[in-house]
Each structure stands twice: as C-alpha cells, then as structure tokens.
2 protein chains.
Amino acid sequence: MPTIYEVSELAGVSLATVSRVMNGSAKVSEKSKKKVRDAMEELGYRPNSVAISLASKRSNCIGILVAELDGAFFGSMMTGIEKTLRQYQKHVVITAGHSNDADEREGVEFLKSRNCDALVIHAEQLSDEYLIELSKGDTPIVVMNRQIDAIAEKCVSLDNVKGGYIATRHVLEKGHRQLVNIAGPKFKNDAMERIVGFQQAVNEAGIDFDENRVFEGDYLQESGAAAIDHFVMSGIEFTGVVCGNDQMAIGAMARLREYKRLPSKDVAVIGFDDVSFAACTYPTLTTINYPIKLMGQQAAKLVLKDVYKIGVKDIRQIYEPTLMERNSVKRLRSK
Amino acid sequence: MPTIYEVSELAGVSLATVSRVMNGSAKVSEKSKKKVRDAMEELGYRPNSVAISLASKRSNCIGILVAELDGAFFGSMMTGIEKTLRQYQKHVVITAGHSNDADEREGVEFLKSRNCDALVIHAEQLSDEYLIELSKGDTPIVVMNRQIDAIAEKCVSLDNVKGGYIATRHVLEKGHRQLVNIAGPKFKNDAMERIVGFQQAVNEAGIDFDENRVFEGDYLQESGAAAIDHFVMSGIEFTGVVCGNDQMAIGAMARLREYKRLPSKDVAVIGFDDVSFAACTYPTLTTINYPIKLMGQQAAKLVLKDVYKIGVKDIRQIYEPTLMERNSVKRLRSK
DNA sequence: TTGTAAGCGTTATCAT
DNA sequence: ATGATAACGCTTACAA
C-alpha cells in the first residue's frame, strides 16, 4: 500500500500539497494538482482512513448499535440510516448489543473508540441515565425508539403505548372481548409499553386486566407459537390475540391452525411493526405500522445536520403508530 | 478523553509500560501493573483503537460486505459471522454493496482502508478476477456464496445449481408438468445458477425449457406477486411455481390467492433459502435449505484460523442444498 | 523489568 | 501557492 509520502515524492511536491489536493482544503495550482493526481493514479494510492481519522479526529463514520443484526425491524432501520448517509459519502459501522447491558456498553465503547463521528443507538438495556451521560460526551448521539425528556432533541421515537392501545382497541371494536396478549421480553421498553397500551384499552372496555392473559415471548416466531400452546394448555379462552410484534403474530397464526382454530375466521390476530412480510401472510396481517425505515432516515438526517452541518429538511422526531387494517382481524361472529 | 500519556504520568511509569499492561505483551511487575490499572481506573481511560490500529496494523475488526442490510438472508449471514467472532473479542464492520459494482468496490476499499484484519465478502457484481486479485493483497478475504477455483480455500459456498435442480425435480415428481420459474435478478450469480438447475430438471423430465416461463424478479416479495400477474396476464398455464427465494414465494402465494388459485391445493409453490418465516407461512413453505447462518459461522472460523491463528475446528466450506418438505407442494390432482 | 525513541499515515499550523 | 514540522495516540524495537 503506497502512502502519501510516496505520492509526494513521485509528484515532486510536499506531503502538505498532496494532502491539500486530497481534501481540497486550500488553493493548489492546477499544475501541482495534476502532478499529484497522476502520481496517485500511477501508484494506485488509497488514503489510509485510520491515519486520517487519527490526525483529523473525524472518521466520516457513524456508529450504529442495534440489538441484533437479523430481524426485519432492525434490517429496515439499518437500511434507512445507511442509505441516506451513503448519499453523503458517510459510512456506517454497525455493532450488535445482543440486548444485554455488557454488550451494549462494549458496543458503544467500541464505536466511540473507533472515532465514529456520531452514534445512532437502539439500546434495550442501557439506562436513560447512561444515555444522558453519554450524550454529554464528545460523540454526538441519536437515540432510537425511546423518548428521554432530558435529551428529547436527540431522540427519534414512536409512542409504543399508543400503538398497543390502538391495536387492542381495534380488536375490541370488532367485538372480541376475550383477549390474550403475546408480549415481547418485558425487559425491553417497547414491549412493556405495548403491554401498557393493551391494558389501557382493555380497561377502557370495562374488562379486568388479567396478568395470566399476557405471555412473555421474545419477539421471535417460535415464541408466538409457544404462547398459543401455553394459552390452550392453560385452558384460557380467547378469540383475539394481540401480539407484541409481527414475527410472533405469524408464529401464533401458524400454531393456531394446528389447533384447527383459523386465524381471522375463528380468532383475530393483530401484529405490531408492519414489517415487509406482513402483507404477504395468510390471512394478511392487520398490524400497527411502525415507520422504522423512515425513522432511520430521520436519525441519519439528524446527524447530517448536527455533525456535518449539512442542510437537510423535514426532520421529524416523534412518530405516530397507525393501524394497518388487513384481514387477520374480523368481526366476532355471534354464536 | 484521557490518553495513554496521562495514564503513564499518573501511574509514574513510561508509556511503554502502560502499553505492556494493556496487552500483556511482556513481563511487568505486579507493582507497576497495579499502579497502571489504578491510574486507568481513575481517569476512566479508554484506549483509542484508531491509534492502536495505526500503530499496530491490526484492528481486531473484520469487514463484511453484503448487498443490503435488510433481508432475512443477509441478516442470518451477518449474525452467524458476528456472533462467532464476538466470542473472541473481534468486531465486525459492515458495509452494503447495493448490488452494484461501484458501491461494492467502494465498500471493499473502505473496509481495507479502515485496516480491517480480514474481509468477508458477499458480492454480486465483483468479478472473479477482481476477487482473485484482491485475495493477493495484504488483507485476507473470504468469499461467500461463490465457488472460485483459483481461491477455493477462501470460499464458503453452496451449490445453487443443484438447489435449483432439487427444487424443480421435487415439484416435477409431484406430478406437475406445467412449471414457471420466478427467478432472482439475472445479474446475480446465484439467481442464474438456480435457473440453470431449473432448466436441467425440466429437460431431464423431457420438457422443453421455455424462456417465457421464467420471470426475472428482484428477490423481493413484490416481484413474486408481479410475476404471478405477468404469467396470468400472458395466459401462461401452470400448476407449479419454482421460486428463486422464499420472499418471492410468499409474494407469489399471496397474489395467487387473489386469483383464487390456492397455493398447495391448486398450485404448487416452492421457495429457496429456508429463511426463518418459511415455516410460518400458510401453507407452510416447501423450500430449499440454505444454511447461511452456519456458513457465516464457518467464514468467521476461517478468519479466526487464518488471521488470528485461533484453533477452531469443523471448518467446512462447501455446503449442500437440501429439500425442506413442507406443505406448499402437493401432488397434482388428476382432473 | 523498565524506559527511550522511532515509527504508523495523515492533518494542520506556521512560515516562506 | 507551497513546504517544514509538529501533532494525533499508540506499538515496538532497542537500550539500559
């Protein structure tokens, strides 16, 4: 790998001049410019971004922390961020927090130590205090899916309580009174908030909230199926299933069929997130839209503006969950 | 951010000693060790990995190039790689190639310029020659999903032709003779290979391969639906749909239902990849298993062994596609 | 065991 | 407009 030194030598100019043509920082005569460019070309020179980063304290990289690298939700989020950043030659460095405090902290430290210019964080375990403290450091951050008042201007979030409420109310409005809730892991904020929304809607309908009607899943398909097993085995009757996310919803629908209880026809199922496959299930999944890709784009715009002073507009930070009515929730047929 | 210099000062030892305790490279007296550790603790010192990387030429980072950050397939691959690497304190840096030559090249350059210790590449546009050339450079690489003889020891792949063949033959064996193929983008190697497999099986069954029965999709749900529209509009008759991947398969199943042609009952549909939701569709999706997560783990093991000299075993590089028989392909009912 | 000092490949501040 | 030269934060011979 040739270095800037070799380029300067071949071009017959100083290091400084080469550096100047690289980042157009100051006036350089056309003549030197050409000599430098030719030399670079000839040597197949590639600037070493680690050295640039060390010297300039900037990396043109934005760090992203997500719980996992797979999953439709995180995929959309990462894509939303990456694609908008890429338009401005910014790169992303992604790391997984695996939903545990140690990995999340380590991930943040890693990203900071790599000189990321900013961090976009979707943390499940990091406390609000930690995040607030972090925001005071020298690496700007954007927090996804969490509303922290002290750093509201750095949050891009959606009202999960409201989402859970809307979902539940929709099922109730269709005449279902015997509901169960397949929730996400309770240690996750959004999972808990969605449960709260469920509870609100249920109470509002004059139904007693019953802990036993909430199953704690893990946001993966299999746990949606396990939840159905659980409810059936426990003899808990239900005609409506409110799910913490779409993945568990499809797992639940698949298992319901095995019990000969047809989704939509015999039991209403509603998801959350509106991931891409939700429109392709059978029955198509009624769910709550979570515009995570768009929100990722917004997060990116936020750093573009704050960190790189790039003028971008239409930055919105608080989003509303909306009902996506499809076919998995039908009116309860009177017996 | 405190630096190593401040630590050495506070601890009353030299820079070198601090460095030594950080990476246990040489003998350091217990006494100095403690002084250094205390100083680090007190200052909240975090080593700057950019500086480490520049000085040592190692980064403990492995670069990953994938087409997109979303999608079940890539998600599994990234997770497979990341989780096994993480066990050894190695981090991943991920970048998207967006299936075009420019972005893929830029992605590779970016990763190399970030001093990645190795690269795991899933490229769609980079030529074999480019990859072979790249492999001669000073950054070791692992190539996913492509078998390049010249660098076979760096490839982790699966026989896509065979996969396409197995899928097609399975549908044929169930009595279907009128087949259509919803393929991936033809510029992608795997998509083409799967088409070849389709062709082989069809020919073997004594059926003429008809170009018009192949629709070029883009591996996304929507194009599976579009393919069905296309075939129906064109008046092409079929009872079996062989898909290039699972996503298009579910898109196709959803659209078929709209035409009142029930998947499984009226028309057989087979997917490819066996992503996680394939078992939860209705009907459950018969497909070809592509153990991409496992293969990601293997790629990681390869770099662990080659780059870090970490003894890992059970490294296999060539995988076989296998039939996952579920419910979307049923025997053709005689009229 | 510990310290000194020369890199690593850039950027950036001064001069000129 | 261009060139020295000192950072940037750490590793690593080489000495002591």
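Every chain is numbered from 1, with letters handed out A, B, ... down the list of sequences.
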Checklist entry - For Ser19(B) and dC10(D), is the shortest distance between a side-chain N/O and OP1 or OP2 below 4.0 Å? => result no

Item to check | Quiz item: cation-pi between Lys90(A) and Tyr308(A), 6.0 Å / 45° | outcome: yes

Next on the checklist: Between Asn48(A) and dC8(C), is there a contact of a side-chain N or O with OP1 or OP2 at under 4.0 Å?
Outcome noted: no

Next on the checklist: Is it the case that the side chains of His122(A) and Glu104(A) hold a donor-acceptor pair, with the cut-off being a distance below 3.5 Å and no angle test?
Outcome noted: no

Item to check | Salt-bridge contact Glu30(A)-Lys33(A) (side-chain N to carboxylate O under 4.0 Å) | outcome: yes

Checklist outcome for this item: The residue, Leu15(A) or Arg20(B), whose nearest nucleotide of DNA chain C is more 5′ is Arg20(B)

Checklist entry - Any side-chain N or O of Lys31(B) under 4.0 Å from OP1/OP2 of dT2(C)? => result no

Checklist entry - Looking at Tyr88(B), is Arg86(B) sitting on its ring face, NZ or CZ under 6.0 Å from the six-membered ring centre and within 45 degrees of the normal? => result no

Next on the checklist: Return whichever of Ser32(B) or Ser56(B) has its heavy-atom-nearest nucleotide of DNA chain C closer to the 5' end.
Outcome noted: Ser32(B)

Item to check | dG3(D) phosphate, OP1 or OP2, under 4.0 Å from Thr17(A) side-chain N/O | outcome: yes

Checklist entry - Within less than 4.0 Å of OP1 or OP2 of dT2(C), is there a side-chain N or O belonging to Ser29(B)? => result yes

Checklist entry - Expressed in angstrom and rounded to an integer, what is the separation of Leu54(B) atom CG from dT12(D) atom P? => result 12 Å

Item to check | Between P of dC8(C) and CG of Asp138(B), the distance in whole Å | outcome: 15 Å

